[in-house]
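Below is one structure, written out as structure tokens; comments come after it.
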Amino acid sequence: MLTTDFVPGAPNWLDLGAPDTEAARTFYGGLLGWSFESAGPEAGGYGFFTHGRKTVAALGPLTNAGARSAWTPYFQTSDADATARSVEQAGGHVRAAPFDVFDEGRMGQFTDPGGARFAVWQPGKTAGLEAVTEPGSLCWTELHSPDPAAARVFYRTVFGWETEEMSFPGGTYTVLSTAGGGKDDTFGGVAQLQEGHSTPPQWLPYFEVADCDRVVAKGQELGGSVLMPAMTSEGIGRMAWLTDVAGAPFGVITSASPDA
């Protein structure tokens with residue numbers, strides 16, 4: 001389970017690159033009840049989504065011509081530069097070499113061999129997100145990869161992640177946990193990217209919500225689209241995939257009660 005007791009390899013930050021940050025603020029505010037706080041004039045339009053006064057994600061403008069709007073997960077590292085070297089040695093690509101973000105921490109941005117983008121955060125003054133797993137916050141990160149087997153090898157090399165294969169009708173799903181962790185330290189999964197799927201290889205964040213169906217309906221009302229209608233997975237919960245007003249994909253889930 002995702003917690004804010006971040007350990008190496010665990011998701012500890014999440015941000016959205018949007019072509020229209022005002023539209024993104026309106027959409028997610030209406031959908032998930034988020035507020036927005038600017039990081040200041042020196043931050044180039046970057047700022048923080050908050051829920052209950054806790055930071056749950058971040059938002060910034062797209063800076064590269066032709067870039068698509070997308071969510072990017074950050075994984076904890078104690079040495080961003082060493083992680084960058086591991087990414088290259090394992091066959092990934094360094095999109096932005098590690099750099100300091102004032103005295104808040106150090107970050108680097110990468111692309112895995114399958115084409116999915118991710119980043120790392122080496123904590124300074126900012127350890128990471130202030131809330132996860134609770135309603136209105138990140139609760140799961142899921143990689144959609146054209147080659148799940150190669151992805152497992154890559155991320156195991158870079159972060160030491162452990163994996164567990166789960167079979168379901170029509171395929172398998174890989175559950176991820178941090179190095180040395182067990183079922184209590186799972187934080188995400190790897191799924192096969194479906195042929196003909198309209199979205200590219202990517203990391204898909206899931207946000208915990210109180211009522212999946214209500215959120216799906218609200219997302220459409222606010223100008224988003226449904227990628228996968230709400231469905232129930234026994235023992236896991238009721239989930240759906242949406243896109244926001246700029247086309248950035250994400251998931252929502254009403255998790256099953258542990259006693260269900």
Side-chain angles (χ1 to χ4, degrees), residues 2 8-17 62-77 80-98 107-121 138-168 170-179 181 185-207 227-228 239 241-244 246-251 253:
L2 213 55
N12 64 346
W13 195 253
L14 179 74
D15 64 19
L16 172 67
L62 292 174
T63 56
N64 297 325
R68 65 181 178 87
S69 185
W71 285 97
T72 300
Y74 291 64
F75 301 103
Q76 170 137 328
T77 179
D81 297 271
T83 300
R85 291 191 292 271
S86 293
V87 166
E88 290 188 307
Q89 292 167 2
H93 172 65
V94 176
R95 292 185 292 112
M107 65 171 284
Q109 297 178 321
F110 314 107
T111 304
D112 70 22
R117 296 185 171 193
F118 68 102
V120 296
W121 181 253
L138 178 71
C139 64
W140 193 253
T141 53
E142 185 172 86
L143 174 63
H144 293 193
S145 173
D147 189 343
R152 291 193 295 269
V153 172
F154 171 79
Y155 287 103
R156 186 181 305 120
T157 299
V158 174
F159 294 116
W161 290 346
E162 298 182 3
T163 60
E164 180 181 0
E165 301 305 302
M166 298 179 64
S167 297
F168 63 90
T172 60
Y173 187 84
T174 301
V175 176
L176 301 170
S177 59
T178 51
D185 295 301
T186 58
F187 62 85
V190 182
Q192 175 73 50
L193 182 70
Q194 299 301 310
E195 292 186 13
H197 203 281
S198 60
T199 58
Q202 64 184 324
W203 280 94
L204 188 78
Y206 282 75
F207 302 111
L227 283 178
M228 182 186 77
M239 68 191 79
W241 298 346
L242 306 173
T243 63
D244 65 21
F250 63 98
I253 183 170

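- Checking side-chain atoms of T141 against main-chain N and O of F187 turns up a donor-acceptor pair under 3.5 Å.
- Looking only at atom types and distance, the side chain of Y173 has no donor-acceptor partner in the side chain of E164 under 3.5 Å away.
- Taking CG of L193 as the reference point, atom CG of D147 lies at 11.0 Å (rounded to 0.5 Å).
- When side chains are defined from C-beta on, V158 counts as touching T83, because their heavy atoms get closer than 4.5 Å.
- Looking only at side-chain heavy atoms (C-beta outward), E88 and V94 come within less than 4.5 Å of each other.
- Rounding to the nearest 0.5 angstrom, the gap separating the CD atom in Q192 from the OG1 atom in T172 is 8.0 Å.
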Derivation and outcome, side chain to side chain contact (heavy atoms under 4.5 Å, CB included), residues Q109 and T72: CA-CA 9 Å; Q109 297 178 321; T72 300; 5.7 Å; no
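- At a threshold of 4.0 Å, the pair E162-R152 does not count as salt-bridged, since none of the basic side-chain nitrogens sits closer than that to a carboxylate oxygen.
- Distance OG1/T178 to CG/D185: 4.0 Å, rounded to 0.5 Å.
- Shortest non-hydrogen contact noted between A248 and L16 is CB-CD1, 3.8 Å.
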Worked check of side chain to side chain contact (heavy atoms under 4.5 Å, CB included) between C139 and L2: CA-CA 6 Å; C139 64; L2 213 55; 5.6 Å; no
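- Taking 4.5 Å as the limit, every side-chain heavy atom of S145 sits out of range of all side-chain heavy atoms of P201.
- Within the 4.5 Å cutoff, no side-chain heavy atoms of L204 are placed close to those of W71.
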Steps toward side chain to side chain contact (heavy atoms under 4.5 Å, CB included) verdict (T243, F250): CA-CA 6 Å; T243 63; F250 63 98; 5.7 Å; no
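- The backbone N or O of F110 sits less than 3.5 Å from a side-chain atom of R95, completing a donor-acceptor pair.
- A donor and an acceptor atom, one from each side chain of T163 and T174, are nowhere located under 3.5 Å apart.
- In summary, the aromatic rings of W161 and Y155 are positioned with their centroids under 6.0 Å apart.
- The six-membered or imidazole ring of Y74 lies away from that of W203, with a centre-to-centre distance of 6.0 Å or more.
- A 4.5 Å side-chain heavy-atom check between L227 and L242 finds every atom pair outside the cut-off.
- Heavy-atom minimum distance, P98 versus A80: CG-O, 3.5 Å.
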Audit row: L143, D112, side chain to side chain contact (heavy atoms under 4.5 Å, CB included) steps and yes/no: CA-CA 11 Å; L143 174 63; D112 70 22; 3.9 Å; yes
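- No side-chain heavy atom of H93 sits under 4.5 Å from any side-chain heavy atom of P113.
- The distance from the CE atom of M239 to the CH2 atom of W140 is 10.0 Å, given to the nearest 0.5 Å.
- Separating the CG atom in L14 from the CZ atom in F75 is a distance of 9.5 Å, to the nearest 0.5 Å.
- Note: F118 and F154 have perpendicular aromatic rings, judged against thresholds of 30 and 60 degrees for the angle between ring planes.
- V120 is not listed as a side-chain neighbour of Q76, based on a closest heavy-atom distance of 4.5 Å or more.
- Distance check: T77 OG1 to M107 CE gives 13.0 Å after rounding to the nearest 0.5 Å.
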